[in-house]
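See structure below.
Basis for what follows: all heavy atoms, side chains included, without hydrogens, waters or symmetry-related copies.
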Amino acid sequence: MPQLVAGTARVNLTPYVGAFLAGFGNRDHGCEGVHDELFARALALRAGDTAAAIVSCDLIGLTRESIEAIRKQVELATHIPAAHIMLACTHTHSAHTMGLLRHPGLDAELVHVTEKKIAGAVIMAHSAMAEASLGAGKGRARIGINRRERKPDGSVALGKNPEGATDSDVGVLRVDDAHGRPVALVVTHACHPVVLGGGNYLVSADYPGQVATFVEGVYPGAACLYLNGCCGDINPTIVGGTFEDARRMGAFLGAEAVKVAESVRASNDAAVAVKRAVVEAPLAPLPSAEEARNTVEQRTRILEEQLAKGQITRALYDADWQRGWARDVMAEYSKIDRIRTRPLELQAMRLGDALFIGTPGETFVEIGLAIKAASPLPKTFVVAYANGNVGYIPTAKAFAEGGYEVEAAHKFYYGVYRLKPDVERLVVEAATALAKESAAAG
């Protein structure tokens with residue numbers, strides 16, 4: 001078995017004061033300060049002829065354009081194949097906008113600088129590669145709750161559903177140097193980073209940043225890459241809380257990660273393998289152009305009234321997501337050839353006996369659970385917000401029930417169309433096939 005080599009790097013992504021934060025539609029001005037820094041943490045590995053890299057970014061998400069730009073820069077500098085780079089976001093709702101959602105105040109220059117910093121983290125990690133070993137383990141903890149609450153009238157709204165599915169797995173990949181000292185820990189768990197609510201105007205990595213801070217405090221010099229799991233329908237038990245709430249949740253989860261890491265025995269003959277599949281997810285029909293036009297007119301009247309009364313700022317008026325979506329629907333009707341499917345990149349990265357499967361969106365927890373149950377590898381961890389973000393990837397059941405994730409969220413994203421219920425089956429089947437191929441390759 002070829003000798004494993006690995007390297008890590010950490011690059012600061014913290015924006016300037018005044019940059020608009022992403023994740024909540026009610027923020028009407030830029031950030032007022034920095035509570036805790038944002039980072040891109042990178043892990044580069046090679047075993048024999050196969051090289052790969054994982055990056056954890058303290059961001060809401062990345063567009064396909066950003067993914068392509070970062071991968072291109074890394075491939076040119078390191079020769080790691082673009083398809084072998086997993087670019088995952090923690091999905092903190094207190095980091096700067098990256099052009100993924102209909103937010104005011106998008107700074108294109110900041111987006112490009114952030115892309116270059118992320119690429120730089122991978123390039124630095126690649127340059128630092130040295131003899132290494134790795135191993136994986138799995139623990140259990142829970143900081144979240146299913147958020148799809150059924151109301152007395154039968155409707156579904158964002159809230160708390162104690163009977164709903166959750167995923168208590170805490171996945172840990174430990175990478176050691178030649179002396180047995182940890183240089184990287186990859187930690188994964190499924191929970192939305194919204195401990196801090198829309199009223200927060202300070203830059204923060206939310207609880208994922210606190211997980212990393214806790215773990216890195218235990219292992220000085222190591223980088224902790226937090227990969228969020230399938231948490232499209234999972235919120236923390238405290239939403240809109242304090243920085244202390246985020247710290248406590250991060251410490252709780254980080255302590256379990258350390259406990260698992262201490263039980264892991266690393267091996268220097270661990271294989272590295274990467275596989276990829278693209279699912280063409282079918283798109284639901286658009287409302288009529290007349291409906292879209294009516295929405296634009298109605299929203300404009302409401303917004304003008306609110307603006308005149310001082311209830312909203314000019315920034316929110318200009319960037320209203322409902323009106324913006326309806327205008328994009330009208331523009332779509334002017335096109336000769338409209339798209340019928342949306343490509344979803346699924347990526348399977350096997351590192352020793354661990355398998356990370358990346359999904360490009362706000363994947364529902366039930367989908368992640370189904371993939372893990374079907375995988376022949378016990379240490380399979382499904383990652384959301386990886387290699388782009390197409391919005392929510394719900395279950396067929398959720399489509400039938402309705403609610404924010406299937407009825408409104410696609411309008412907040414720059415996507416116009418919403419997916420069809422068949423997306424659950426397509427993603428589970430494709431991801432399961434990748435897991436089986438990865439197991440056979442080992």
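- A cation-pi arrangement, defined by a distance under 6.0 Å to the six-membered ring centre and an angle within 45 degrees of its axis, is present between Arg314 and Tyr317.
- At a threshold of 4.5 Å between non-hydrogen side-chain atoms, the residues Phe20 and Tyr201 do not count as touching.
- Using cut-offs of 30° and 60° for the angle between ring planes, the Tyr392 and Phe364 rings count as perpendicular.
- Met98 has its side chain within reach of Thr114: a pair of non-hydrogen atoms, C-beta onward, lies under 4.5 Å apart.
- Residues Glu405 and His410 bring no donor and acceptor atom of their side chains to less than 3.5 Å of each other.
- Arg338 forms a cation-pi arrangement with Tyr333, by the criterion of a distance under 6.0 Å to the ring centre and an angle within 45° of the ring axis.
- Counting only N and O atoms by type, the side chains of Thr14 and Asn12 include a donor and acceptor under 3.5 Å apart.
- No donor-acceptor contact under 3.5 angstrom links the side chains of His189 and Glu256, judged on distance only.
- In terms of heavy atoms, Val170 sits closest to Arg140 at CG2-C, 4.1 Å.
- For the ring pair (Phe, Tyr, Trp, His ring centres under 6.0 Å) test, residues two or more places apart in sequence or in another chain that qualify with Phe243 are His35.
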| field | CA sep, side-chain torsions, deciding dist, call: Lys372, Asp167, salt bridge (Lys or Arg N to Asp or Glu O under 4.0 Å) | value | CA-CA 11 Å; Lys372 290 197 286 188; Asp167 186 350; 2.5 Å; yes
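- Under the 4.0 Å criterion applied to side-chain N and carboxylate O atoms, Arg27 and Glu32 are not assigned as salt-bridge partners.
- Counting non-hydrogen atoms of other residues, nucleotides and ligands closer than 6.0 Å to CZ of Arg299 gives a total above 12.
- Side-chain atoms of Ser375 and Thr380 form a donor-acceptor pair, as typed in the model, at a separation below 3.5 Å.
- When only modelled atom types and interatomic distance are considered, Thr213 and Gln210 share no side-chain donor-acceptor pair under 3.5 Å.
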### CA sep, side-chain torsions, deciding dist, call: Phe412, His103, ring-ring contact (aromatic ring centres under 6.0 Å, His included)
CA-CA 8 Å; Phe412 197 22; His103 283 298; 5.1 Å; yes
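- Shown here are the ring pair (Phe, Tyr, Trp, His ring centres under 6.0 Å) partners of His112, two or more places apart in sequence or in another chain: there are none.
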